[in-house]
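Reading through the structure tokens given below for one structure.
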Amino acid sequence: MLRQQDVGHRIVVRRIVGIREGRPLFSDALGELVELSETHITLATDGGPLRVPVGEVHRAKRVPPARRPTAAAVIALETAADEAWPAPVRGRLGDWRLRSAAGWTGRANSALPIGDPDRPLPEALDAVQRWYADHGQPALVNTPLPLAAPVGAELDTRGWTSRPPVLVQTVPLATLTAPGRAVGTSHEAVPPANASTGGDAPPVTLARAPADDWLAVAADRKGGLPEAARHVLTAVDRIRFAELRVDGRLLAVGRGTVTGEGRWLGVSLLEVLPEARRRGYAGAVVRALAGWAGAEGATHAFLQVEQHNVGAVALYRRLGFTTHHTYLTRVAP
């Protein structure tokens, strides 16, 4: 049967749809798992959302993606993501990227093994460990899968552990900006950028620099904001900080960047205060950023979300995001 770790992945469900001559009749459904609860399995199929009561499920399992991205596509997207989250201290090992940001977030403090390190793999990993030791940090390696599977296999032999899997998800901007794109509960819709829905979602403002209360929300989510964090957050040429306020109070934030030769909108630090959730505010923020990025010439959006963050994965699926590839952050023993 399925587990919460399968949310965001492609699954097949065989369900009981009736009884004939004392024998059950089955029907198979294929799609991406959106939600797994004690009572229902919800998946996104080509024909739309399908909600199956657990009592009707005969068998369910994860299956491989319909089409794996090419190595070139994974490298291009990982490069865009690296540009969107720039560590202040950087090094190179051939094509591999070494990144340090005073320990603030795994993405900004890990090696990114894409391309050729210009030396045998064991020597490359030895060099990674020396580089991080020289910077007074534990060595971390982000392994995009399946691209970096050989790196992961070598790390396994060295006893490196793994942090929870991260889904790298993408969506065409046209999907995000389509009128009436549904998010949240079934009656919610994403408003256009800087325009009120006339209902729950107020306008979204896009700023070139983060306000103090915006930074306070980010600090609360990430456990503080050292000076290196401010570099990571702001050192991108094309960037916007989304703010959704009600009576002057900041209730939702998001960060958008355009990188990857201008193709990719990177969405990060999307956060809605607990008392303001399930009002369509997250969707409003994402759509505002999508409108800005589209005007900048971007065509697609990406984000990174931990696989076990079931609520966020479900939200992004309703927005239209699907999993492009995954990565593991590997930790030296």
Side-chain angles (χ1 to χ4, degrees), residues 80-81 83-86 105 169-184 188-222 225 229-273 276-277 279-305 312 315-316 318-321:
E83 294 168 355
W85 201 253
T105 75
Q169 300 196 313
T170 63
V171 66
L173 285 188
T175 299
L176 293 177
T177 56
R181 176 73 191 181
V183 296
E188 293 176 330
V190 183
N194 297 311
S196 174
T197 61
D200 288 338
V204 176
T205 300
L206 301 182
R208 295 177 183 270
D212 288 343
D213 53 358
W214 194 105
L215 289 171
V217 173
D220 184 62
R221 176 173 173 177
K222 294 294 188 180
L225 287 181
R230 293 174 182 265
H231 181 280
V232 173
L233 289 175
T234 61
V236 181
D237 289 338
R238 290 193 278 179
I239 190 167
R240 291 294 184 272
F241 297 88
E243 306 172 353
L244 187 151
R245 299 178 183 272
V246 175
D247 297 329
R249 185 180 178 219
L250 187 63
L251 294 181
V253 302
R255 175 180 176 271
T257 55
V258 172
T259 59
E261 299 182 341
R263 180 188 179 193
W264 289 102
L265 163 67
V267 178
S268 58
L269 288 172
L270 181 64
E271 185 77 13
V272 180
L273 269 61
R277 290 173 183 167
R279 300 179 188 174
Y281 290 179
V285 167
V286 171
R287 183 161 179 168
L289 292 170
W292 162 73
E296 292 283 315
T299 59
H300 289 72
F302 77 88
L303 54 78
Q304 298 167 327
V305 57
L315 166 66
Y316 299 143
R318 290 193 293 270
L319 284 167
F321 284 89

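The model shown is predicted, which means the values in this text are computed figures rather than measured ones. Residues: numbered from 1 along the sequence shown.
Evaluation of the salt bridge (charged side-chain N to carboxylate O under 4.0 Å, His left out) test over residues 250-267, restricted to residues two or more places apart or in two chains, returns none. Screening residues 234-256 for ring pair (Phe, Tyr, Trp, His ring centres under 6.0 Å), with sequence neighbours left out, gives W214-F241.
With rounding to the nearest 0.5 angstrom, the CD1 atom of I239 is 10.0 Å from the CG atom of L289. For the atom pair L270 CG and L303 CG, the distance stands at 8.5 Å (nearest 0.5 Å).
Side-chain contact between L225 and L233 is present, with heavy atoms from C-beta onward closer than 4.5 Å. Two residues are said to be in side-chain contact when any heavy atoms from C-beta on lie closer than 4.5 Å; L250 and V217 meet this criterion. Taking the side chain as every heavy atom from C-beta outward, Y316 and V267 never approach each other to under 4.5 Å. Side-chain contact check for T175 versus F321: every heavy-atom pair is 4.5 Å or farther apart.
Remark: R221 engages L269, E271 in a side chain to side chain contact (heavy atoms under 4.5 Å, CB included) (not counting sequence neighbours). Residues satisfying the side chain to side chain donor-acceptor pair (under 3.5 Å) test with E83, not counting sequence neighbours, are none. For A84, the side chain to side chain contact (heavy atoms under 4.5 Å, CB included) partners at least two apart in sequence or on another chain are T257, T259, F302. For R249, the side chain to side chain contact (heavy atoms under 4.5 Å, CB included) partners are L251, L273, E275, not counting sequence neighbours. Contacts of A235 classified as side chain to side chain contact (heavy atoms under 4.5 Å, CB included), with partners at least two apart in sequence or in another chain: P86, H231. Residues satisfying the salt bridge (charged side-chain N to carboxylate O under 4.0 Å, His left out) criterion with D213, sequence neighbours excluded, are R245.
Residues L244 and P202 approach most closely at CD2-CD, 3.7 Å, considering heavy atoms. Annotation for A207 and E243: closest pair CB-OE2, 4.3 Å, computed over non-hydrogen atoms.
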Can I get a per-line list of side-chain donor-acceptor pairs under 3.5 Å for residues 293-301, giving both atom names and the distance, sequence neighbours left out?
{"residue": "E296", "atom": "OE1", "partner": "R238", "partner atom": "NH1", "Å": "3.4"}

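Side-chain polar atoms of W85 and T105 form a donor-acceptor pair below 3.5 angstrom.
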